[in-house]
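Single-structure report; data block below.
If you're wondering where the values come from, they're calculated on a predicted model, not measured in any experiment. Numbering of residues begins at 1 and proceeds along the displayed sequence.
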Amino acid sequence: MKAKWNRTLIMRCVQQWTLDNILTDRNNADTHFREAIVTATNPVFTKSKKSKKLTWWVKNRINALRVAAVLLVPFLVMLQPGVSPASLSFALMDMAGILLVFAGVLGRFWCIVYIGGRKSEVVFQDGPYSICRHPLYLFSTIATLGLGLMLGSIVLSVLFAGIVYFILSRTAKGEEKYLRAEFGTDYDDYAARVPRILPNAALWQTQPYVTADLKHLRGNFKDALVFIMLIPATRIIVWLRETYDLGFIPIF
(Lines give C-alpha, C1' and ligand atoms only; values in the text may rest on other atoms or scores of the structure.)
Protein backbone atom coordinates (compact mmCIF):
# COMPACT_ATOMS: atom_id res chain seq x y z
CA MET A 1 0.00 0.00 0.00
CA LYS A 2 1.54 3.32 -1.06
CA ALA A 3 1.20 6.78 0.39
CA LYS A 4 -0.44 9.37 -1.89
CA TRP A 5 0.28 13.09 -1.83
CA ASN A 6 -2.73 15.41 -2.01
CA ARG A 7 -1.54 17.43 -5.04
CA THR A 8 -4.88 19.22 -5.48
CA LEU A 9 -4.75 20.53 -1.93
CA ILE A 10 -1.14 21.64 -2.42
CA MET A 11 -2.16 23.71 -5.47
CA ARG A 12 -4.99 25.29 -3.49
CA CYS A 13 -2.50 26.19 -0.76
CA VAL A 14 -0.26 27.90 -3.32
CA GLN A 15 -3.21 29.82 -4.74
CA GLN A 16 -4.37 30.91 -1.28
CA TRP A 17 -0.84 31.94 -0.37
CA THR A 18 -0.63 34.13 -3.48
CA LEU A 19 -3.99 35.72 -2.68
CA ASP A 20 -2.99 36.34 0.94
CA ASN A 21 0.17 38.07 -0.25
CA ILE A 22 -1.97 40.47 -2.27
CA LEU A 23 -4.66 41.13 0.36
CA THR A 24 -2.72 40.82 3.65
CA ASP A 25 0.81 41.09 4.91
CA ARG A 26 3.40 38.55 3.80
CA ASN A 27 4.21 37.18 7.28
CA ASN A 28 0.63 36.05 7.96
CA ALA A 29 0.40 34.57 4.48
CA ASP A 30 3.60 32.57 5.03
CA THR A 31 2.34 31.28 8.39
CA HIS A 32 -1.00 30.11 6.96
CA PHE A 33 0.77 28.52 4.00
CA ARG A 34 3.18 26.53 6.21
CA GLU A 35 0.30 25.21 8.35
CA ALA A 36 -1.69 24.17 5.30
CA ILE A 37 1.25 22.62 3.44
CA VAL A 38 2.13 20.35 6.42
CA THR A 39 -1.38 18.89 6.29
CA ALA A 40 -1.42 18.69 2.51
CA THR A 41 1.93 16.91 2.22
CA ASN A 42 1.39 14.49 5.08
CA PRO A 43 1.41 10.99 3.54
CA VAL A 44 -2.08 9.50 3.64
CA PHE A 45 -2.37 5.74 3.35
CA THR A 46 -5.31 4.84 1.17
CA LYS A 47 -7.86 2.34 2.38
CA SER A 48 -8.01 -1.15 1.00
CA LYS A 49 -11.19 -2.52 -0.51
CA LYS A 50 -11.47 -5.08 2.30
CA SER A 51 -13.55 -3.17 4.81
CA LYS A 52 -15.28 -4.63 7.81
CA LYS A 53 -18.13 -3.11 9.76
CA LEU A 54 -17.41 -2.05 13.29
CA THR A 55 -18.66 -4.51 15.86
CA TRP A 56 -21.65 -3.78 18.10
CA TRP A 57 -19.30 -3.51 21.09
CA VAL A 58 -17.20 -0.82 19.43
CA LYS A 59 -20.21 1.25 18.41
CA ASN A 60 -21.95 1.05 21.78
CA ARG A 61 -19.04 1.17 24.23
CA ILE A 62 -20.00 4.60 25.59
CA ASN A 63 -23.61 3.61 26.29
CA ALA A 64 -22.44 0.36 27.90
CA LEU A 65 -20.16 2.28 30.28
CA ARG A 66 -22.93 4.72 31.15
CA VAL A 67 -25.35 1.91 31.99
CA ALA A 68 -22.68 0.23 34.13
CA ALA A 69 -22.08 3.51 35.99
CA VAL A 70 -25.78 3.94 36.81
CA LEU A 71 -26.05 0.36 38.06
CA LEU A 72 -23.03 0.89 40.33
CA VAL A 73 -24.53 3.82 42.25
CA PRO A 74 -26.63 1.79 44.77
CA PHE A 75 -23.61 -0.45 45.45
CA LEU A 76 -21.30 2.54 46.02
CA VAL A 77 -23.71 4.08 48.54
CA MET A 78 -23.55 0.90 50.63
CA LEU A 79 -19.73 0.90 50.84
CA GLN A 80 -17.95 2.22 53.90
CA PRO A 81 -14.29 3.09 53.18
CA GLY A 82 -11.65 2.63 55.85
CA VAL A 83 -10.73 6.33 55.60
CA SER A 84 -13.05 8.77 57.37
CA PRO A 85 -14.43 11.60 55.19
CA ALA A 86 -13.38 14.05 57.92
CA SER A 87 -9.72 12.95 57.86
CA LEU A 88 -6.76 14.53 56.12
CA SER A 89 -6.11 11.27 54.23
CA PHE A 90 -9.57 11.42 52.67
CA ALA A 91 -9.04 15.06 51.67
CA LEU A 92 -5.72 14.22 50.00
CA MET A 93 -7.22 11.23 48.16
CA ASP A 94 -10.13 13.40 47.06
CA MET A 95 -7.80 16.06 45.66
CA ALA A 96 -5.71 13.44 43.86
CA GLY A 97 -8.88 11.99 42.36
CA ILE A 98 -10.04 15.39 41.09
CA LEU A 99 -6.62 16.00 39.51
CA LEU A 100 -6.77 12.62 37.77
CA VAL A 101 -10.24 13.37 36.39
CA PHE A 102 -9.07 16.70 34.95
CA ALA A 103 -5.87 15.09 33.64
CA GLY A 104 -8.02 12.55 31.81
CA VAL A 105 -10.30 15.24 30.38
CA LEU A 106 -7.43 17.46 29.20
CA GLY A 107 -5.61 14.44 27.79
CA ARG A 108 -8.66 13.51 25.72
CA PHE A 109 -8.81 17.05 24.31
CA TRP A 110 -5.11 16.83 23.49
CA CYS A 111 -5.72 13.64 21.50
CA ILE A 112 -8.72 15.09 19.64
CA VAL A 113 -6.71 18.17 18.64
CA TYR A 114 -4.27 15.83 16.90
CA ILE A 115 -6.50 13.23 15.29
CA GLY A 116 -9.86 14.96 14.79
CA GLY A 117 -12.07 12.54 12.86
CA ARG A 118 -9.26 10.89 10.91
CA LYS A 119 -8.85 7.71 12.93
CA SER A 120 -10.70 5.60 10.34
CA GLU A 121 -9.24 7.51 7.38
CA VAL A 122 -5.47 7.40 7.89
CA VAL A 123 -2.86 5.47 9.86
CA PHE A 124 -2.26 8.39 12.19
CA GLN A 125 1.09 8.18 13.98
CA ASP A 126 1.72 11.66 15.33
CA GLY A 127 1.69 13.27 18.79
CA PRO A 128 -0.05 11.09 21.42
CA TYR A 129 -0.65 8.48 18.72
CA SER A 130 3.09 8.03 18.36
CA ILE A 131 3.43 6.67 21.91
CA CYS A 132 0.29 4.47 22.01
CA ARG A 133 -2.35 3.45 19.49
CA HIS A 134 -5.37 4.40 21.62
CA PRO A 135 -4.43 7.39 23.82
CA LEU A 136 -8.09 8.39 24.21
CA TYR A 137 -8.66 5.13 26.06
CA LEU A 138 -5.56 5.72 28.15
CA PHE A 139 -6.87 9.07 29.39
CA SER A 140 -10.36 7.67 29.95
CA THR A 141 -8.81 5.04 32.23
CA ILE A 142 -6.83 7.72 34.09
CA ALA A 143 -10.01 9.74 34.69
CA THR A 144 -11.79 6.64 36.01
CA LEU A 145 -8.92 5.98 38.39
CA GLY A 146 -9.76 9.28 40.04
CA LEU A 147 -13.34 8.15 40.76
CA GLY A 148 -12.31 5.57 43.36
CA LEU A 149 -9.95 8.02 45.06
CA MET A 150 -12.71 10.61 45.40
CA LEU A 151 -14.76 7.91 47.14
CA GLY A 152 -11.93 7.34 49.61
CA SER A 153 -10.95 3.87 48.45
CA ILE A 154 -7.76 2.66 46.78
CA VAL A 155 -9.41 -0.72 46.16
CA LEU A 156 -12.23 0.97 44.22
CA SER A 157 -9.70 3.04 42.26
CA VAL A 158 -7.85 -0.05 41.09
CA LEU A 159 -11.09 -1.94 40.49
CA PHE A 160 -12.75 0.81 38.43
CA ALA A 161 -9.62 1.51 36.39
CA GLY A 162 -9.15 -2.22 35.79
CA ILE A 163 -12.74 -2.70 34.61
CA VAL A 164 -12.61 0.31 32.28
CA TYR A 165 -9.20 -0.73 30.97
CA PHE A 166 -10.54 -4.23 30.24
CA ILE A 167 -13.62 -2.87 28.45
CA LEU A 168 -11.63 -0.37 26.39
CA SER A 169 -8.97 -2.97 25.55
CA ARG A 170 -11.70 -5.17 24.09
CA THR A 171 -13.03 -2.15 22.23
CA ALA A 172 -9.56 -1.38 20.89
CA LYS A 173 -9.20 -4.94 19.60
CA GLY A 174 -12.50 -4.60 17.76
CA GLU A 175 -11.46 -1.30 16.23
CA GLU A 176 -8.14 -2.73 15.14
CA LYS A 177 -9.80 -5.52 13.19
CA TYR A 178 -11.52 -2.81 11.19
CA LEU A 179 -8.34 -0.74 10.81
CA ARG A 180 -6.26 -3.73 9.73
CA ALA A 181 -8.88 -4.52 7.09
CA GLU A 182 -8.79 -0.90 5.92
CA PHE A 183 -5.03 -0.30 5.86
CA GLY A 184 -3.48 -3.78 5.74
CA THR A 185 0.27 -4.01 6.35
CA ASP A 186 0.60 -0.28 7.08
CA TYR A 187 -1.45 -0.69 10.24
CA ASP A 188 0.29 -3.98 11.05
CA ASP A 189 3.66 -2.18 10.98
CA TYR A 190 2.30 0.61 13.19
CA ALA A 191 0.83 -1.91 15.67
CA ALA A 192 4.11 -3.85 15.81
CA ARG A 193 6.02 -0.69 16.74
CA VAL A 194 3.60 1.20 19.03
CA PRO A 195 1.87 -0.29 22.13
CA ARG A 196 -1.94 -0.46 22.24
CA ILE A 197 -2.86 1.59 25.35
CA LEU A 198 0.03 1.72 27.83
CA PRO A 199 2.35 4.40 26.38
CA ASN A 200 6.03 4.31 25.47
CA ALA A 201 7.28 7.91 25.79
CA ALA A 202 10.53 7.06 23.97
CA LEU A 203 8.56 6.77 20.70
CA TRP A 204 7.32 10.38 20.83
CA GLN A 205 7.29 12.31 17.55
CA THR A 206 5.22 15.19 16.20
CA GLN A 207 4.91 17.58 13.29
CA PRO A 208 5.54 21.30 13.99
CA TYR A 209 1.94 22.18 13.06
CA VAL A 210 -1.39 20.58 13.98
CA THR A 211 -4.74 21.18 12.28
CA ALA A 212 -7.66 20.89 14.71
CA ASP A 213 -11.20 19.75 13.81
CA LEU A 214 -13.65 21.94 15.76
CA LYS A 215 -16.56 19.59 15.12
CA HIS A 216 -14.86 16.70 16.90
CA LEU A 217 -13.61 18.99 19.67
CA ARG A 218 -17.24 19.93 20.37
CA GLY A 219 -18.20 16.27 20.39
CA ASN A 220 -15.43 15.50 22.87
CA PHE A 221 -16.73 18.29 25.11
CA LYS A 222 -19.88 16.22 25.75
CA ASP A 223 -17.75 13.25 26.82
CA ALA A 224 -15.70 15.58 29.03
CA LEU A 225 -18.85 16.67 30.85
CA VAL A 226 -19.56 13.02 31.71
CA PHE A 227 -16.17 12.71 33.42
CA ILE A 228 -16.48 16.09 35.18
CA MET A 229 -19.90 15.05 36.50
CA LEU A 230 -18.09 12.31 38.44
CA ILE A 231 -16.97 15.00 40.89
CA PRO A 232 -20.44 16.12 42.10
CA ALA A 233 -21.66 12.51 41.83
CA THR A 234 -19.07 11.34 44.38
CA ARG A 235 -20.03 14.23 46.66
CA ILE A 236 -23.66 13.06 46.63
CA ILE A 237 -22.66 9.44 47.33
CA VAL A 238 -20.47 10.44 50.30
CA TRP A 239 -23.25 12.71 51.63
CA LEU A 240 -25.82 9.90 51.42
CA ARG A 241 -23.52 7.55 53.32
CA GLU A 242 -22.89 10.04 56.09
CA THR A 243 -26.39 11.49 56.39
CA TYR A 244 -28.38 8.25 56.34
CA ASP A 245 -25.70 5.89 57.66
CA LEU A 246 -26.04 3.70 54.55
CA GLY A 247 -22.45 2.48 54.31
CA PHE A 248 -22.16 -0.95 55.88
CA ILE A 249 -19.85 -2.87 53.52
CA PRO A 250 -16.22 -2.18 54.59
CA ILE A 251 -13.66 -1.49 51.88
CA PHE A 252 -10.22 0.08 51.84
What residue pairs, at least two apart or across chains, pass salt bridge (charged side-chain N to carboxylate O under 4.0 Å, His left out) with a residue in [range]?
range            : result
residues 141-168 : none
residues 238-247 : none
residues 145-159 : none
residues 125-135 : Arg133-Glu176

How far apart are the closest heavy atoms of [X] and [Y], and which atoms are they?
X      : Y      : result
Val101 : Ala143 : CG2-O, 3.6 Å
Pro135 : Tyr129 : CD-CE2, 3.4 Å
Met93  : Gly152 : CE-C, 3.4 Å
Leu138 : Cys132 : CD2-SG, 4.3 Å

Strictly by side chain to side chain donor-acceptor pair (under 3.5 Å), give each pair with a member in residues 138-157 just once, sequence neighbours left out.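 The answer is Arg108-Ser140.
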Distance, nearest 0.5 Å, that separates [atom1] of [X] from [atom2] of [Y]:
X      : Y      : atom1 : atom2 : result
Phe102 : Ile228 : CZ    : CD1   : 5.0 Å
Ile112 : Arg218 : CD1   : CZ    : 13.0 Å
Cys111 : His216 : SG    : NE2   : 14.0 Å
Tyr187 : Leu179 : OH    : CG    : 5.0 Å
Phe139 : Trp110 : CZ    : CH2   : 5.5 Å

Side-chain donor/acceptor of Glu182 to backbone N/O of Val123, under 3.5 Å: no
Let me check something: do [X] and [Y] share a hydrophobic cluster, defined by ILVMFWY side-chain heavy atoms less than 4.5 Å apart, either directly or through other members?
X      : Y      : value
Met229 : Val164 : no
Leu145 : Leu92  : no
Met95  : Ile237 : no
Ile98  : Leu106 : no
Ile236 : Leu246 : yes

Side chain to side chain contact (heavy atoms under 4.5 Å, CB included) with [X]: which residues, sequence neighbours excluded?
X      : answer
Leu230 : Leu147, Met150, Phe227
Asn200 : Pro195, Ala202, Leu203
Phe109 : Val105, Leu217, Asn220, Phe221, Ala224
Trp239 : Thr243, Tyr244

Could you check whether the rings of Tyr137 and His134 sit parallel, tilted or perpendicular, using 30° and 60° as the cut-offs? parallel
Show me, pair by pair, the donor-acceptor contacts under 3.5 angstrom made by side chains of residues 69-90, not counting sequence neighbours?
residue : atom : partner : partner atom : Å
Ser84   : OG   : Ala86   : N            : 3.3
Ser87   : OG   : Ser84   : O            : 2.6
Ser87   : OG   : Phe90   : N            : 3.3

Under the salt bridge (charged side-chain N to carboxylate O under 4.0 Å, His left out) rule, collect the residues that match up with Asp189, sequence neighbours excluded. none
Partners meeting salt bridge (charged side-chain N to carboxylate O under 4.0 Å, His left out) with Arg235 (sequence neighbours left out): Asp94
